[in-house]
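Only heavy atoms go into these numbers, but all of them, side chains included; no hydrogens, no water, no symmetry mates.
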Amino acid sequence: MIELIHPAFVIVALGFFAWRLPRRLSYVVGLAGLTGVFLYIAVVPSGMYELVSFVGFELVVEINDVTRLMGVTFAGFGVAAVGYAMSTDVGRTHLLVALCYVSGSLFTVLSGDWVSLAIGWEMMAIASTVLIWLSKGDAVRSGFRYAVVHAVGGSLLLIGLAAHGATVGITPETFHFTGDGITEGFATILVAVGILINAAIIGFHIWLPDAYSRPHVATSVFLSAYTTKAAVYATYRAFPDGNVLIAYIGGIMAVFGATYAVAQKDMRRLLAYHIQAQIGYMLAGVGIGTSLGIAGGFAHLLNNVLFKGLLFMVAGAIVLQTGKEKLDKFGALGAQSIILLATFVIAALSITAVPGFNGYVSKKLVLDAASSADLTGVWLLLTIGAVGTFLSFIKFGYYAFLSGEPQQTESIPSIRSSVMIVIAGICVLFGIWYELLFSILPHAESIDVAIYTFDGIAETAILAGVGLFLFVAGKSIIQNFSGGIDINRVRDPATFYGMQWITGTVKTAFQNIDATVSELSWRCVLLVRNPTQTIERALPEPLATKYHSRKYEVPGTTGLRIGLGMSIAVVLAVLITGLVFGILIT
């Protein structure tokens with residue numbers, strides 16, 4: 001192995017350098033730096049690169065088909081996101097933190113070992129939390145929820161890796177990615193849950209619509225591309241040969257996310273729920289585990305970064321133009337904003353997998369992989385999710401561009417419109433010239449399927465027709481939806497009152513322990529002073545009464561109480577720690 005300057009470090013260094021420059025120049029530096037990193041990752045030779053020694057582990061950068069695809073996707077979209085942010089009112093601090101977020105994401109997906117991945121994972125979580133908080137207002141509370149959820153997920157991942165190490169041995173070699181994934185058992189469960197929390201698995205997904213809809217629109221564009229997609233990469237590393245349960249989880253997420261997207265009036269919440277739905281397709285491909293499934297899953301990851309990022313840019317532009325977040329709060333944009341309309345249509349046709357656009361290509365790969373693997377249930381779930389996708393984007397397009405009085409808007413800044421047009425063009429390019437997309441996919445040699453067939457096009461037409469019919473027939477009901485009741489309505493109160501009960505119980509237990517230790521301390525002191533007297537005789541009557549109520553403390557015994565209490569706590573801690581490590585090792 002040879003040494004390499006990690007592209008992530010270059011981005012952070014450029015971020016701090018740009019932070020001290022005038023605003024416009026700082027964004028130019030950010031654009032140039034990310035462009036250079038994009039080109040570098042695209043051409044650097046494949047192989048393992050030793051990065052640095054860290055607590056006895058050799059951190060490794062691995063360049064192969066998967067990591068190169070992830071690297072160019074993240075760096076390339078970073079260029080677009082910085083260009084979009086440049087056209088808004090966010091300042092240099094926002095740029096610095098956003099570049100740190102991109103850097104952490106790149107550190108994660110270019111990793112060649114679990115320790116590097118875990119470090120990048122935490123870098124990504126911290127930077128994205130700060131990025132959300134920079135928007136202040138409602139974003140602060142959403143950012144706090146985001147931080148707590150990702151702290152839980154990161155902790156589970158680390159504990160799972162410790163369990164993995166206890167099984168296979170904690171050495172640099174056993175933590176390098178060898179294609180074997182995580183050992184089965186306790187480690188598998190912990191690592192899978194820790195990773196899937198970042199992927200917005202059902203039950204732990206509320207952070208996604210909350211955090212992505214509250215901050216500045218430029219922040220939402222960055223958020224749309226990285227955290228959940230890095231979770232897909234980590235899933236592949238943990239389960240390189242696939243996992244049927246994960247495939248079915250992906251199918252259920254596709255249905256769940258699309259269904260809740262239909263119920264949203266807030267544009268960015270609608271798109272955030274659809275991130276969960278689209279992640280479902282990626283997890284399904286990785287979970288199927290065949291070469292075709294993995295290629296399809298990563299193809300959809302790349303395509304999703306493009307069309308979902310473009311949709312967040314469109315929604316952000318509408319917010320900046322109208323000052324409104326909800327679809328029923330402004331009139332029809334229509335031809336008044338032809339660039340917004342055109343880019344939305346292309347992005348919507350891409351995400352709904354209409355032939356001729358990139359989403360059709362990658363979804364077909366995943367669906368064909370499910371069929372080839374005889375996972376009919378997964379195929380059916382993904383197909384139902386596709387109907388929900390058509391329905392939700394018919395709703396988005398109708399209310400944003402056709403319904404209501406024509407809305408006069410200002411012209412879109414040239415930088416913003418240029419970024420959106422370029423991404424829309426790539427969505428069309430990969431839909432028509434799909435061989436170009438295949439050439440950069442992992443397991444590209446395994447793709448031996450006909451993309452544009454009569455059956456495939458007819459199936460898409462039927463799904464689109466069902467979606468259109470459901471919208472027209474249920475329009476009077478759909479327009480009254482205001483978000484729906486999600487799992488947080490039950491989970492959050494249960495968590496709050498459950499934790500309140502737990503903390504109350506623990507507090508009462510420690511109060512009883514404190515009182516017991518105090519009593520024992522008293523008895524020791526009084527017996528030493530006068531072994532022949534009882535406690536009641538040794539104390540005046542009023543003090544004896546207070547003592548027996550356990551509210552009275554005698555001066556001079558505090559140290560003894562603290563010492564005894566700490567001794568008991570230390571013994572309990574040692575016993576619990578020994579028990580946990582015993583379980584992990586065995």
If I take atom CG from residue Leu161 and atom CD1 from residue Ile182, how far apart are they, to the nearest 0.5 angstrom? 5.5 Å
Can a donor-acceptor pair be found, under 3.5 Å and without considering hydrogens, that links the side chain of Thr108 to the backbone of Trp121? yes
Quick one about Ser371 and Asp368 (side-chain donor to acceptor, distance below 3.5 Å, no hydrogens or angles considered), yes or no? no
Given Leu110, which partner from the list Val44, Val60, Thr67 fulfils the side-chain contact (heavy atoms from CB on, under 4.5 Å) test? Thr67
Side chain proximity check, Arg416 to Thr88, heavy atoms < 4.5 angstrom: yes
Please check if the side chain of Ser220 supplies one atom and the backbone of Tyr212 the other of a donor-acceptor pair under 3.5 Å. yes
Parallel, tilted or perpendicular for Tyr226 and Phe222, by the 30°/60° rule? parallel
Side-chain H-bond candidate by donor/acceptor type, Tyr101 with Thr227, under 3.5 Å: yes
Closest contact, heavy atoms only, Leu31 versus Val79: CD2-O, 3.2 Å
All heavy atoms of Val221 vs all of Ala81, minimum pair found to be CG1-CB, 4.0 Å
Within the side chain of Arg269, is there an N or O that forms a donor-acceptor pair under 3.5 Å with the backbone of Gln264? no
Stepwise side chain to side chain contact (heavy atoms under 4.5 Å, CB included) check, Met86 with Val28: CA-CA 9 Å; Met86 185 178 181; Val28 171; 4.2 Å; yes
Indicate yes or no for a side-chain donor-acceptor contact from Arg268 to the backbone of Pro215 under 3.5 Å, with no hydrogens or angles considered. yes
Asp455 versus Thr453, side-chain donor and acceptor atoms under 3.5 Å: no
Asn198 (side chain) donor-acceptor with Ala231 (main chain) under 3.5 angstrom: no
Using every non-hydrogen atom in the two residues, find where Ala370 and Val378 come nearest and quote the distance to one decimal. CB-CG1, 4.3 Å
Would you confirm whether the ring centroid of Tyr452 sits within less than 6.0 angstrom of the ring centroid of Tyr360? yes
Decide yes or no for Met420 and Leu310: does some side-chain heavy atom of the first lie under 4.5 Å from some side-chain heavy atom of the second? yes
Quick one: are His300 and Leu365 in side-chain contact, heavy atoms under 4.5 Å? no
Assess, by modelled atom type and distance only, whether the side chains of His150 and Thr129 contain a donor and an acceptor separated by less than 3.5 Å. no
Please report the closest heavy-atom contact between Val191 and Ala238, naming both atoms and the distance. CG1-CB, 4.1 Å
Working to the nearest 0.5 Å, report the span between CG of Leu208 and OH of Tyr146. 9.0 Å
Under 6.0 Å from the six-membered ring centre of Tyr281 and within 45° of its axis: does the NZ or CZ of Lys363 meet both? yes
If you draw a 6.0 Å radius around CD in Glu445, do more than 12 non-hydrogen atoms from other residues or ligands fall strictly inside? yes
Heavy-atom closest pair, residues Val61 and His6: CG2-CD2, 3.3 Å
Which distance, rounded to the nearest 0.5 Å, do you find between the CD1 of Ile338 and the OG of Ser417? 13.0 Å
Please round to the nearest 0.5 Å and tell me the distance separating atom CD1 of Ile246 and atom CE of Met282. 15.0 Å
Hey, does the side chain of Thr228 reach the backbone of Ala199 with a donor-acceptor pair shorter than 3.5 angstrom? no
As a test of understanding, state which of Phe344, Phe401, Phe471, Phe390 forms a ring pair (Phe, Tyr, Trp, His ring centres under 6.0 Å) with Phe396. Phe344
Whether Tyr84 side chain and Met313 backbone form a donor-acceptor pair below 3.5 Å: yes
Could you check whether any side-chain heavy atom of Leu59 comes within less than 4.5 Å of a side-chain heavy atom of Ile119, counting everything from C-beta outward? yes
Looking only at the aromatic ring of each residue, does the gap between the centers of Phe175 and His164 stay below 6.0 angstrom? yes
Heavy-atom check, side chain of His205 versus side chain of Phe256, under 4.5 Å: yes
Any Phe107 side-chain heavy atom under 4.5 Å of Ser116 side chain: yes
Pair Val82-Val102, side chain to side chain contact (heavy atoms under 4.5 Å, CB included): steps then yes or no: CA-CA 10 Å; Val82 169; Val102 177; over 6 Å; no
Go through the steps for Leu99 and Leu34 under the test side chain to side chain contact (heavy atoms under 4.5 Å, CB included), then give the verdict. CA-CA 9 Å; Leu99 290 177; Leu34 283 168; 3.8 Å; yes
Mind running side chain to side chain contact (heavy atoms under 4.5 Å, CB included) on Phe239 and Thr188 for me, showing each step along the way? CA-CA 9 Å; Phe239 305 97; Thr188 301; 3.5 Å; yes
Under 3.5 Å: donor-acceptor pair, side chain of Lys395, backbone of Val262: yes
For the CD1 atom of Ile426 and the CD1 atom of Ile421, what is their distance to the nearest 0.5 Å? 12.5 Å
Search all heavy atoms of Ala317 against all heavy atoms of Leu340 and return the closest pair with its distance. CB-CD2, 3.5 Å
Side chain of Lys229, backbone of Ser224: donor and acceptor closer than 3.5 Å? yes
Could you tell me if the side chain of Asn243 sits less than 4.5 Å from the side chain of Thr235, heavy atoms only? no
Working to the nearest 0.5 Å, report the span between CG of Leu283 and CG of Leu301. 10.0 Å
Would the distance check show the side chain of Asn303 and the main-chain N or O of Asn358 forming a donor-acceptor pair, the cut-off being under 3.5 Å? yes
Any side-chain heavy atom of Phe298 within less than 4.5 Å of one from Met70? yes
